[in-house]
Amino acid sequence: MAARTAVVERKTAETEIRVAINLDCQPGSGNKQEIHVSTGIGFLDHMFHALAKHSGMSLELTCKGDLHIDDHHSAEDSAIALGTAFKQALGEVRGIRRYGTGFAPLDEALSRAVIDICSRPYCVTNLGLKREKIGDLSTEMFPHIFYSFSIAAGVTLHVDVLRGENDHHRAESAFKALALAIRQAIERTGGDDVPSTKGVL
């Protein structure tokens, strides 16, 4: 089977980012999972690490951004670069499940994520975060991170936090739910068909 890997470098006046990804590092794959994330924003590193870990991918992501201004550009551009790498690694949408659903609890919090790898980017989130920041990451950036990833990856994405009192738990369970949805959606079916009645995605 062809390796599903990609390396993306993205440089702007605001950020300099490098992403290397391997989608096939689940247990039993024969590929060692390696995760190294450094964005300069501790909680964002934590979320991307959880996303990679539970989706079964290897991820190297480094970002040098204009954090002396705020966290916006680094968070947004990291999500764009990650989505771009995901799309490149996946290649033609053929021989995969396409749809994925994930539920992830974290103590009192419970989140649901649903993904469609369809080349029709769209994103709906309902996270219900109340704090201004979690660590050094503005909570207003969470919906934007999911949105930026979905647009760059070419996927339809719905992420809902169904319950929870602690914003750290709510946010982390959302990322873990997305990881589980991705893991399901990119699973190889053993065939070579395009998973669409249109015959193309």
Side-chain angles (χ1 to χ4, degrees), residues 1-8 19-37 44-61 78-106 109-125 127 142 145-162 169-196 201:
M1 291 185 182
R4 298 190 293 182
T5 63
V7 176
V8 169
V19 178
I21 194 172
N22 183 342
L23 299 181
D24 298 303
C25 296
Q26 300 86 355
S29 66
N31 298 322
K32 182 181 178 183
Q33 187 180 39
E34 296 183 359
I35 305 170
H36 305 284
V37 181
L44 183 59
D45 293 354
H46 183 40
M47 294 300 96
F48 282 156
H49 193 282
L51 180 67
K53 177 64 178 179
H54 296 289
S55 63
M57 67 175 73
S58 280
L59 175 64
E60 285 189 36
L61 191 159
S78 292
I80 291 171
L82 180 58
T84 302
F86 177 84
K87 185 175 183 178
Q88 288 185 15
L90 196 59
E92 185 181 6
V93 183
R94 179 183 292 274
I96 63 168
R97 293 184 64 172
R98 174 181 165 178
Y99 298 101
T101 302
F103 287 85
L106 180 55
L110 175 65
S111 293
R112 175 188 63 219
V114 184
I115 192 170
D116 178 11
I117 302 174
C118 58
S119 301
R120 292 193 308 277
Y122 202 87
C123 183
V124 179
T125 58
L127 308 179
F142 284 92
I145 289 164
F146 290 126
Y147 171 85
S148 298
F149 172 81
S150 67
I151 297 302
V155 303
T156 292
L157 179 62
H158 291 253
V159 182
D160 296 274
V161 178
L162 304 178
H169 293 170
R170 292 174 71 95
E172 187 170 344
S173 69
F175 273 86
K176 288 179 176 177
L178 174 57
L180 297 175
I182 288 173
R183 185 169 183 158
Q184 185 180 94
I186 66 175
E187 182 182 340
R188 286 182 164 119
T189 61
D192 192 43
D193 64 307
V194 175
S196 171
L201 283 172

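What you see is a predicted model, and the numbers here were worked out from it, not measured in a lab.
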For the backbone of [Y] and the side chain of [X], can you confirm whether one donor and one acceptor N or O come within less than 3.5 Å of each other?
| X | Y | result |
| --- | --- | --- |
| S55 | A179 | no |
| D160 | L162 | no |
| S58 | K32 | yes |
| Q33 | A52 | yes |
| S29 | N31 | yes |
| R97 | R188 | no |
| S148 | I80 | no |

Roughly how far apart are [X] [atom1] and [Y] [atom2], rounded to 0.5 Å?
| X | Y | atom1 | atom2 | result |
| --- | --- | --- | --- | --- |
| E60 | N22 | CD | CG | 11.0 Å |
| H158 | Y122 | NE2 | OH | 7.5 Å |
| D24 | E187 | CG | CD | 10.5 Å |
| L59 | E34 | CG | CD | 11.5 Å |
| I117 | S150 | CD1 | OG | 12.5 Å |
| Y99 | C118 | OH | SG | 7.5 Å |

Check: So F48 and F175, would you call those rings parallel, tilted or perpendicular, with 30° and 60° as cut-offs?
Finding: perpendicular
Are any of the side-chain heavy atoms of [X] and [Y] separated by less than 4.5 Å?
| X | Y | answer |
| --- | --- | --- |
| I186 | F86 | yes |
| F146 | L178 | yes |
| L180 | T101 | no |
| I96 | R4 | yes |
| L23 | T5 | no |
| L61 | S78 | yes |
| I21 | L82 | yes |
| I35 | K53 | yes |

How far apart are the closest heavy atoms of [X] and [Y], and which atoms are they?
| X | Y | answer |
| --- | --- | --- |
| P27 | R183 | CD-NH2, 3.4 Å |
| A177 | A104 | N-CB, 3.5 Å |
| S173 | A109 | OG-CB, 4.0 Å |
| H49 | V37 | N-CG2, 4.3 Å |

Checklist line | Carboxylate-amine/guanidinium contact K176 E172, below 4.0 Å | finding: yes
Next item on the list: Could you tell me whether D116 and R98 have a side-chain N and a carboxylate O separated by less than 4.0 Å?
Entry: yes
Next item on the list: Please test I115 against I182 for side-chain contact (heavy atoms from CB on, under 4.5 Å), starting from the C-alpha separation and ending with a verdict.
Entry: CA-CA 7 Å; I115 192 170; I182 288 173; 3.9 Å; yes
